Amino acid sequence: MPASKDDSFPDRSVERNFENSLLQDLRGLLSFLKPFKREMALALLVVGSVNFLWVAMNTLVGKGLDAYFKRSGDAEEVAGEAAKDVVVVVDPQEAMVVVAIIAGGYAALGLARALLMRYREPVVMTLAMNLLRSLRIRLYEKVQALSFSYLDRLTSGQIIERATGDVNRIRMFLTTTCFQVFDAIMFAILALIVMFYFSPLLAAVTLIPYPFICIMYAKGSGRLRYHMRRARSQVDVMTSQLSETISGVKVIRSFGRHEQEKERYQGTVQEVLARVKPIFKIRAIVLNGAYVITRMWVAAVLIVGGWMIMQGRLAPGTIYIFMSFMMMLLMRAQMLMEAGDSTQEARAALERVQALIESPNDVEDAPDAVDLPAEGKGEIVFENVSFAYIRPPAPEADVVERMDLHQGRGPAAVRNVNLRIAPGETVALVGPTGSGKSTIINLLPRFYDPTEGRVLIDGVDVRQARLANLRRHIGIVFQETFLFRGTIAENIAYGRPDASSSEIEAAARMAAAEKFIKDMSQGFDTGIGERGVSLSGGQRQRIAIARAILKQPRILVLDDAMAAVDAHTEMRIRRSLDSLMKGRTTLIIAHRLATVRTADRVVVVRDGGIDDIGRHDELISQNDFYRQLCQSQLQQDEGELDEVAAGGES
Amino acid sequence: MTSPGQSTETGRKKAPAANTAPGATCQVDGPIVRQQNEVHMRPFQWPLFKRIMSYLKPHWPMYSVGVIAAISVHGLNLIPPMLVREAINVNVEENDIDGLIVTGCLYAATMLLFYFAAMGVHWCLRLCAEYALRDMRQSVFDKIQGLDMATFDRTPVGKLITRGSSDLMTMTHVQIHILPEMLGGLITLVGAYWLMFSLDWRLFLVSVVASPILYFASSTFRKRARPAWRRVRRDVSRLTANVAEMISGVRVVQAFAREDNNLGRFDDLNLLFCRSNMRVARYQGLYLMSIETVAVVSLAVLLAWGGWMTISAAGAGGTMQVGTMMAFLMLAQLTFEPVRRMAPMYNHVLHAMASAERVFSLLDTPSRVADKEDAVDIPRISGAVSFQHVNFEYIPGQPVLHDVSFEVKPGETLALVGHTGCGKTTILSLLNRFYDVTGGRILLDGIDIRDVTQESMQKQTGLILQENFLFNQSVMENLKYARPDVSDEYVMQVCRQLGCHDIFSRLPQGYWSQVGERGDNLSAGQRQLVSICRAMVADPRILVMDEATSSVDTGTELTIQYALDRLFEQRTVFIVAHRLSTVRKADEILVMEEGRVLERGAHDELIRMDGTYARLHEQFMKVDNE
């Protein structure tokens with residue numbers, strides 16, 4: 001259940017504890033903006049100016065109203081009581097000037113503001129996009145460089161969420177929330193200056209409700225946040241239930257369980273409704289209340305203002321200014337309501353993103369890293385190598401915990417392995433599941449570093465070799481085939497994007513893949529992946545083998561790479577590999593007896609250590625463990641079963 | 001400040017990762033991405049609209065209250081400007097402090113009413129929407145559960161999820177907002193114009209011109225920005241897909257030292273994404289500018305003309321007072337809002353039409369496999385199965401089974417053998433009545449399966465699928481899936497019998513370990529074992545099984561074999577076999593080719609017949625002797 005953790009929030013104050021203080025986090029967040037000082041300054045300038053112009057415009061309207069009516073008032077006075085029905089004509093010239101100044105000034109300011117608004121969105125967006133891009137690239141780079149120790153601990157969902165959700169939360173905070181806060185503070189200052197300038201008394205009266213409103217919003221939004229989170233998690237439950245029902249429809253039907261599923265879903269949906277209700281309640285009562293209080297307060301401003309006008313202490317137009325500022329302040333307060341929420345989210349996101357970006361990488365190039373000797377042929381030496389995995393994280397551990405490798409190591413997965421493989425040898429690693437075969441192999445390209453001892457390739461300690469160079473010389477085919485979205489040719493050329501099409505075809509031929517590829521409508525240009533054709537497991541493995549062959553590696557590693565290929569095809573592939581890898585080294589983990597039999601040497605792996613080394617026929621007669629293994633563990637294809645059984649008995 | 005990209009991006013939260021099964025060619029396109037291939041907007045259609053609104057019918061009293069409240073909110077907004085005018089023009093002018101206080105109190109009272117009206121909107125209207133949403137969610141769910149399997153085959157999971165989630169949200173939005181928005185907007189416009197007209201008809205004429213221009217500007221930019229938005233959505237999904245693929249394949253990336261190359265491609269996508277967002281931002285800037293310009297110009301004209309009339313007092317209508325001018329400015333600003341909101345509302349309606357069309361076409365899909373009206377519950381059967389001249393086609397005109405007839409005695413195991421696409425799996429599906437036969441009939445203990453209720457029949461057939469689907473619950477709950485009422489002890493007893501007890505109890509939380517989404521917390525072998533035990537707990541008379549092809553380690557394989565042997569005892573078993581050992585153990589083998597039964601018999605007989613089966617068998621054997 002995706003968000004069940006959220007259900008257990010004990011109280012309504014869901015503020016979580018952060019490692020760092022608010023100030024530290026803010027500094028951390030703002031540091032992302034450092035490279036974009038210019039963009040930032042421009043954006044702030046535009047946003048600030050838009051604000052400033054609004055204040056100026058509304059002040060002008062207020063003063064304009066006064067100017068108009070002072071004039072008309074004068075006119076009436078001139079006319080005197082005696083001649084009330086006499087139309088007094090003010091000098092039209094003078095009237096024109098006043099009107100032109102007021103209306104013209106308003107229009108000029110307004111148009112300037114409109115022009116700025118034309119650029120406000122793009123300017124802020126430029127900042128946002130630059131920020132987003134730089135953050136994403138940093139994350140992407142980091143994730144690609146993570147060692148397997150980290151990768152084992154993270155789920156792909158967690159990483160994707162960092163690269164999309166979290167990065168976006170930080171972006172939102174820096175380019176929306178920060179601007180809102182800036183906007184609100186700046187507006188409040190400008191409005192206060194203007195209001196106190198015109199009438200300190202009325203300004204004081206106007207401001208009375210705002211502290212209460214802010215408190216109401218703060219309290220209300222805290223509770224709102226809590227309930228929204230609860231509702232959201234229930235919606236997640238609902239969606240996953242729906243998706244489960246769809247993917248599991250056959251199971252549901254075959255067990256005749258529609259009714260129960262229907263009831264379960266009804267319960268979930270009803271619960272969504274129940275969790276949504278408090279949200280509406282808070283909005284209807286608290287937040288709506290805060291809004292209405294402000295608007296009610298306008299009445300007080302009106303009464304006090306009106307009284308002051310009567311006293312001759314205030315011009316009527318000033319009331320207009322005050323009333324319009326009141327509504328604007330209210331809008332700003334509403335906006336700030338979400339700022340707290342967004343800050344919390346951004347801090348949490350920062351914590352996770354930092355954990356990812358700033359974690360030290362345990363496998364990286366040594367400062368004095370060298371390339372493997374150019375004339376090397378792929379000699380491998382394991383010198384007293386031991387390795388233990390870092391303890392896996394608890395299932396509920398978050399990313400910050402998962403990125404911490406100081407969790408201690410588990411029992412040794414590989415123990416004191418000493419092994420020398422000469423160039424040109426084909427060696428099969430055999431052993432029960434979990435005995436450490438794959439682990440031994442993973443130490444070669446430095447997917448992990450050994451905890452003790454060292455691994456040498458062509459005389460160079462792999463920890464001293466340049467990673468990119470080292471990995472170029474090792475062709476590896478994983479147990480689980482992963483192909484990328486793209487054409488078959490692109491996939492085969494994955495390690496050497498510059499390979500010619502004839503090279504690609506040759507690699508495919510050796511992997512016994514050429515025929516089925518050519519049979520496809522678009523041959524090597526057939527798209528695979530989501531929207532492309534679907535390949536069988538065996539076909540995919542053969543493409544993966546072709547991909548490894550094309551690199552022309554010194555060392556070819558086949559980690560149970562042909563499980564989905566039928567035995568007949570496997571033989572063909574092995575034969576072509578023999579010629580390709582002549583003079584180079586091949587390491588095979590296989591579950592087929594037929595494969596093991598043809599290896600130059602068989603290494604029997606048992607409990608992380610090497611139990612025995614030798615040729616298949618020697619081992620089968622000398623080593624009981626190996627014989628048992630052949631009987632029980634190796635996947636036999638029917639006919640062989642009898643043979644081994646017979647061999648064991650006789 | 002709206003932020004393009006944000007809404008689509010956060011909405012996808014866990015969609016991509018969940019589907020990426022290890023070893024599979026990357027499948028990152030979750031529901032959200034698929035949704036992109038669907039139409040976003042459709043023209044307005046009255047019948048669809050009526051049908052959307054019909055979901056409010058059961059909640060009409062509440063809805064009516066909400067609508068009235070919404071209209072009141074708009075209406076009440078018209079009062080303050082008039083009260084301000086009263087205060088400035090009359091009370092202040094006449095030095096009437098008592099009158100001023102009365103006006104102020106009226107103002108406050110209006111706002112109090114406003115509070116209750118807004119409360120009505122928040123509470124009644126929104127709640128109505130939630131009720132309607134709940135009803136729609138449930139009916140979509142029911143429909144999905146009742147769909148025949150052919151529809152499932154045709155429709156990707158993501159699409160069906162969209163029907164039950166985001167499509168409904170789009171519809172609800174329109175459902176509740178359209179009426180209040182339109183009526184409320186109308187009230188505001190008519191009321192404000194009428195008040196303005198009665199205050200001064202010349203100024204009214206000035207401000208009324210602004211509305212059509214505003215509407216035009218708003219709808220034009222919306223239309224113009226549409227392709228830009230589409231591009232943003234496309235780029236977001238590409239970006240996410242790229243990240244997801246890199247992450248799923250990161251081990252291969254490292255093994256092939258492709259980091260720099262990938263980073264370059266990722267940055268290209270990033271730049272594209274930035275550019276399309278900038279395009280949207282520019283449209284938004286233009287839009288804001290045009291709206292702002294219209295508003296500023298119309299207010300400036302008001303100021304100029306109003307001012308001219310006041311000062312010169314030359315006009316025929318006499319002088320204007322300051323309070324009137326204030327009221328006018330406030331009213332004019334009120335009219336901008338509804339006009340500005342009309343274009344987005346129209347957009348929402350078009351979106352809702354597209355969603356409604358999809359949802360209703362789903363709801364209207366007839367279920368081809370339905371219980372007959374006079375269907376009865378089938379009694380406990382012994383397990384005799386008989387196919388009589390069965391024909392079947394998924395797509396009319398493309399038969400998959402031709403005149404298939406055979407009989408299986410209770411307790412027998414029948415293995416189905418043949419090349420992919422020969423119709424083996426179809427036989428299994430027909431037996432479960434996921435589809436109805438297009439010719440002939442299927443009898444269980446002599447009863448046609450179409451004459452009985454599906455539920456009673458399906459309770460006596462168990463199914464084990466290749467992919468071993470598990471529910472995201474604990475192992476125990478999964479085991480009890482068919483019979484939630486049995487005791488834990490019973491379940492453990494069954495597992496012990498099948499030799500799986502140790503394996504389950506060794507899981508981190510034993511039987512109560514969560515299997516995770518799609519059973520991710522368990523290995524392939526463990527998943528198989530759970531689904532075998534689940535079938536055993538269900539204790540069906542007939543077991544239908546599509547043997548898993550995924551390779552598991554040999555230790556687990558042995559346990560699986562043992563468990564299956566126990567499970568197969570005492571019941572009729574149909575199995576699509578992928579392993580020779582399974583086939584050999586079967587009582588009878590049905591060799592199929594292109595929808596026909598070619599050969600039938602026990603292993604030894606078929607080998608002696610030296611036909612298709614013998615050749616198939618030989619192929620298996622030959623390979624090993626090379």
Side-chain angles (χ1 to χ4, degrees), chain A residues 68-69 71-72 95 99 103 106-107 110 114 117-118 121-122 125 129 133 140 144 156-157 159-160 163 242-243 246 248 251 254-256 258 265 269 273 280 283-284 288 292 295-296 299 302-303 306 309-310 316 320 433 468 471 476 480 482-483 494-495 529-530 563 567-568 633 637 639-640, chain B residues 17 22-23 25 29 87-88 92 95 100 104 107-108 111 115 118-119 122-123 126 130 134 137 141 145 157 160-161 164 243 247 249 252 255-257 259 266 270 274 281 284-285 288-289 292-293 296 300 303-304 307-308 310-312 322 326 455 458-459 463 469 482 551 553-554 621 623-624:
Chain A
Y68 289 169
F69 295 103
R71 299 250 148 218
S72 57
V99 169
Y106 181 82
M117 285 178 83
R118 152 96 176 72
E121 208 64 26
M125 185 60 78
M129 286 300 121
R133 183 168 155 232
Y140 198 94
Q144 286 201 120
S156 49
I159 303 177
I160 292 173
L242 178 65
S243 105
I246 298 167
V251 176
S254 68
F255 290 115
H258 323 46
Y265 193 72
V269 170
L273 186 64
F280 297 153
R283 285 214 179 113
N288 179 30
V292 170
R295 294 196 61 182
M296 275 173 126
L302 204 58
I303 293 173
I309 297 173
M310 288 179 214
Y320 178 81
T433 323
R471 288 175 182 170
I476 191 157
E480 284 166 351
F482 187 91
L483 300 179
Y494 194 72
E530 176 64 15
H568 180 66
Q633 292 287 326
D637 291 291
E640 288 175 345
Chain B
T25 312
D29 280 10
I88 305 285
V92 173
N95 251 333
L100 183 63
Y107 194 111
M111 283 301 123
Y115 178 65
M119 206 173 191
H122 281 297
W123 190 246
R126 300 269 153 79
E130 287 299 320
R134 176 198 60 189
R137 277 171 177 158
F141 184 88
Q145 277 218 322
V157 178
L160 287 174
I161 294 176
V243 174
I247 292 167
V252 180
F256 286 78
E259 291 90 340
F266 178 69
N270 250 310
C274 292
Q284 277 181 329
L288 283 175
M289 181 177 74
E292 198 60 25
T293 309
V296 161
L303 270 178
W308 173 251
T310 347
I311 305 176
S312 68
V322 66
M326 273 188 208
E455 198 176 339
Q458 285 167 346
K459 279 202 161 144
L463 180 70
F469 182 89
S551 41
D553 68 275
T554 323
M621 307 284 294
V623 168
D624 302 328

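Keep in mind it's a predicted model, so treat the numbers as computed, not measured. Side-chain atoms are counted along with the backbone in the values below, which use heavy atoms only and exclude waters and symmetry mates.
Listed here is the closest heavy atom pair of B:A281 and A:E121: O-CB, 3.7 Å. Considering every non-hydrogen atom in both B:M111 and A:R295, the closest pair reads SD-CB, 3.5 Å. Across all their heavy atoms, B:A255 and A:I476 have their closest contact at CB-CG2, 3.4 Å. The two residues A:V99 and B:G307 come nearest to each other via the heavy atoms CG2-C, 3.7 Å. The two residues A:G495 and B:F256 have their closest heavy-atom pair at CA-CD2, 3.5 Å. Minimum heavy-atom separation, A:F482 to B:V252: CB-CG2, 3.9 Å.
Residue with the most contacts toward chain B among A:A114, A:A468, A:G306: A:A114 (heavy-atom pairs, distance under 4.5 Å). Here A:N288 is the residue among A:V292, A:L242, A:N288, A:L273 with the most heavy-atom pairs under 4.5 Å with chain B. In terms of heavy-atom pairs under 4.5 Å with chain B, the best-connected choice from A:M310, A:M296, A:R283, A:M117 is A:M310. Contact count versus chain B (heavy atoms, under 4.5 Å) is highest, among A:A107, A:A284, A:G110, for A:A284.
Every residue two or more places apart in sequence or in another chain was checked for a ring-ring contact (aromatic ring centres under 6.0 Å, His included) with A:Y320, and none qualifies. Take A:I159 and apply the side-chain contact (heavy atoms from CB on, under 4.5 Å) test, not counting sequence neighbours, and it matches A:V143, A:L154, B:I247.
Within the 4.5 angstrom heavy-atom criterion, atoms from both the backbone and the side chain of B:L100 approach chain A. Contacts between B:A87 and chain A at a heavy-atom distance below 4.5 Å involve the side chain alone, from C-beta outward.
A:Y265 and B:F141 have parallel rings, their planes meeting at less than 30° on a 0 to 90° scale where 60° marks the start of perpendicular. A parallel orientation is assigned to the rings of B:F266 and A:Y140, their planes being inclined by less than 30° (bins at 30° and 60°).
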